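Throughout, a chain's letter reflects where its sequence line sits, starting with A, and its residues are numbered from 1. Since the model is a prediction, treat every value here as computed from it, not as a measurement.
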Amino acid sequence: MSLLKPTEQERVRIEKLKQLKLKGINPYPARVPYEISIKEILSEFRQFTETELSTAGRILSIRSHGKSTFMDIDDGTGKIQIYLRVDDLGEDRYGLIELLDIGDFISVRGIPFLTRTGERTIRVHSYILAGKSLHPLPEKWHGIKDIETKARQRYLDTLANPESKLLFQTRSKIIQAIRKFLDSRGFLEVETPILQPLYGGAFARPFITYHNTLEMNLYLRIATELYLKRLLVGGFPKVYEIGKNFRNEGIDHNHNPEFTALEVYQAFSDFEGMMRLTEELIRFVAKESIGKESISYNEENIDLEQPFRRRKLTELIKEKTGINVPETKKEEIAAYCQKERIEFNENASYWKLVDEIFKHKVEPELIQPTFVVEYPVETSPLAKRTEENPNFVERFELFIAGRELANAFSELNNPIEQAERFLEQQKARESGDVATESFDEDFLLALEYGMPPAGGMGLGIDRLITVLTGANSIREVILFPLLRRKQR
RNA sequence: GCCCCAUUAGCUCAGUUUGGUAGAGCAACUGACUCUUAAUCAGUGGGUCGAAGGUUCGAGUCCUUCAUGGGGCACCA
């Protein structure tokens with residue numbers, strides 16, 4: 001693993017490094033000839049035959065036939081075969097390819113031609129080592145399978161597994177498509193603080209850090225919501241932010257402590273408007289990134305093209321469990337939880353229990369895109385109440401493939417009521433709830449100046465990517481997911 | 001934090017049932033080979049079997065603890 005105790009193969013490479021030095025060859029030159037990428041050569045191959053050119057790449061395989069040698073080299077844009085012959089290079093330079101290994105970078109100058117079997121190849125007139133590799137690369141045929149190595153040494157994963165490289169290219173496309181969609185609709189991309197004196201906008205425990213000069217504790221943000229809404233106050237009617245949130249909680253196939261989220265806010269819109277926006281956004285992004293509006297998931301086909309279903313939270317609960325919310329008494333619901341082996345906190349509130357049931361019984365079955373609506377005010381301290389029933393708020397969550405992807409509501413812009421809601425959160429905190437909204441006076445001050453009625457939406461980008469790429473876990477779509485430190 | 005599973009050569013994996021000399025392919029090394037392409041042919045080397053204890057005449061294999069990863073539960077939108 002480390003060169004402190006090299007394996008046999010690593011010792012061989014270090015020895016070759018010494019040999020190169022003895023021959024006056026710099027194994028890590030600052031620059032090498034590279035006029036044209038391999039992708040360009042391949043795409044206009046006919047145009048380049050009979051023209052001398054230079055390119056470079058990493059050696060992926062070596063097939064030596066005595067006085068001639070074939071190699072495959074890859075510069076990250078593509079892979080091409082090169083052909084080296086002793087009568088082209090001379091005995092000395094040809095002999096030096098003994099010092100090259102799979103994994104090394106070389107720059108070659110030569111003429112593209114087609115081999116007998118039609119393989120696009122460069123006949124090399126001269127070459128120069130562009131960078132020595134001191135470890136053997138993972139095996140060419142099976143790539144690298146160990147999930148832990150894939151995550152810890154992502155460079156080996158993307159090097160050895162083309163599908164893994166493609167996935168991260170798709171990830172980039174997805175985020176690009178989100179920007180394209182929102183920009184084209186006149187949304188302004190902004191950046192708000194990651195280091196916050198107070199955290200809010202979600203129920204989660206934060207990471208805490210410290211600023212030396214200011215001598216103050218700071219929190220890594222758990223959401224961007226409260227700052228983006230300040231911008232609504234400040235006269236930006238359509239804003240969005242794409243960035244990392246940090247939540248100090250467990251890790252599983254749906255949760256990484258740092259994750260990428262989108263939040264969008266639109267003045268004079270509401271949760272209905274956000275529903276339309278979200279649906280169109282996801283459809284657009286799917287088409288742009290994976291080129292289709294359907295995904296296969298566990299042998300089922302997820303259809304993003306049809307209008308997304310809209311279902312009431314209470315109806316879904318009733319269908320699945322027969323429980324009538326909110327008529328059914330808390331004791332009965334608790335009894336149901338016990339019967340179904342759903343664990344819950346002793347002093348959990350009514351809606352907390354309902355939420356537990358929803359998570360265990362309903363959520364995993366929401367495979368097709370489903371907007372769930374009618375959430376209780378109790379668990380939505382930043383959302384506006386519905387006009388018909390003050391116990392509920394204008395809010396939806398979007399579920400696809402049994403996962404929560406998005407959360408949106410008509411934003412509460414009444415500062416008096418917001419203050420009351422914060423107070424209720426404080427009470428919940430005092431009675432032992434660890435994940436509540438902070439009482440954010442600075443945010444309230446902004447609301448007091450007047451925030452336009454607005455819709456806001458948050459979307460977990462990593463989860464969206466997981467669904468669109470068919471990945472099994474959020475860890476597979478994050479380049480460097482958080483892992484425990486490995487001791488040697 | 002709790003339960004279950006995995007960890008063997010650089011990589012991919014056998015071997016664990018029933019304890020008895022550590023295996024294969026690729027990669028590496030030596031030799032042959034001037035259109036090969038998972039090149040081929042002949043040969044060679046490479047292991048703290050995740051770590052530490054224990055049981056045993058003898059442990060990759062059985063037991064305990066620990067580490068890392070995975071799955072589940074809990075926590076957590």
Pick the closest RNA chain B nucleotide for His253(A) and for Ala202(A) by heavy atoms, then say which residue is nearer the 5' end.
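It is His253(A), whose closest nucleotide lies nearer the 5' terminus.
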Closest-nucleotide ordering on RNA chain B, the 5'-leading residue of Glu356(A) and Asp101(A)
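The 5'-side residue here is Asp101(A).
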Please state the [atom1] separation for the pair [N] and [M] - nearest whole angstrom.
N	M	atom1	value
G23(B)	U30(B)	C1'	23 Å
C49(B)	A59(B)	C1'	11 Å
U61(B)	U8(B)	P	14 Å
G50(B)	G60(B)	P	10 Å
A52(B)	A9(B)	P	15 Å
C29(B)	U18(B)	C1'	39 Å
U17(B)	U64(B)	P	16 Å
C63(B)	G20(B)	P	15 Å

Assess the side chains of [X] and [Y]: does a donor N or O sit below 3.5 Å from an acceptor N or O?
X	Y	answer
Asp75(A)	Ser37(A)	no
Gln426(A)	Arg421(A)	no
Asp146(A)	Thr149(A)	yes
Arg475(A)	Asn256(A)	no
Tyr83(A)	Arg85(A)	yes
Tyr227(A)	Glu225(A)	no

Looking for any heavy atom pair under 4.0 Å, which part of the strands does Arg13(A) touch: base, sugar-phosphate only, or nothing?
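Answer is nothing: Arg13(A) stays at 4.0 Å or more from every strand.
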Base, sugar-phosphate, or nothing for Gly143(A), non-hydrogen atoms under 4.0 angstrom?
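Sugar-phosphate, no base atom in range.
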Output the rounded distance in Å from [atom1] ([X]) to [atom2] ([N]).
X	N	atom1	atom2	result
Phe113(A)	C35(B)	CZ	C1'	7 Å
Phe70(A)	A38(B)	CZ	C1'	16 Å
Glu139(A)	G10(B)	CD	C1'	11 Å
Glu148(A)	U12(B)	CD	C1'	17 Å
Met71(A)	A39(B)	CE	P	13 Å
Leu84(A)	C35(B)	CG	P	14 Å
Ile62(A)	U40(B)	CD1	P	15 Å
Ile147(A)	U68(B)	CD1	P	17 Å

Does [N] have OP1 or OP2 sitting under 4.0 Å from an N or O in the side chain of [X]?
X	N	answer
Arg63(A)	U40(B)	no
Arg205(A)	C75(B)	no
His360(A)	G72(B)	no
Arg475(A)	G70(B)	yes
Lys16(A)	C29(B)	yes
Lys140(A)	A39(B)	yes

Would you state whether a donor and an acceptor, one from the side chain of [X] and one from the base of [N], lie under 3.5 Å apart?
X	N	answer
Arg484(A)	U68(B)	no
Gln81(A)	U36(B)	yes
Gln9(A)	A27(B)	yes
Ser61(A)	U37(B)	no
Asp87(A)	U34(B)	yes

Is a side-chain N or O of Glu363(A) found less than 3.5 angstrom from the main chain of His360(A), in a donor-acceptor match?
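No: the side chain of Glu363(A) does not pair with the backbone of His360(A).
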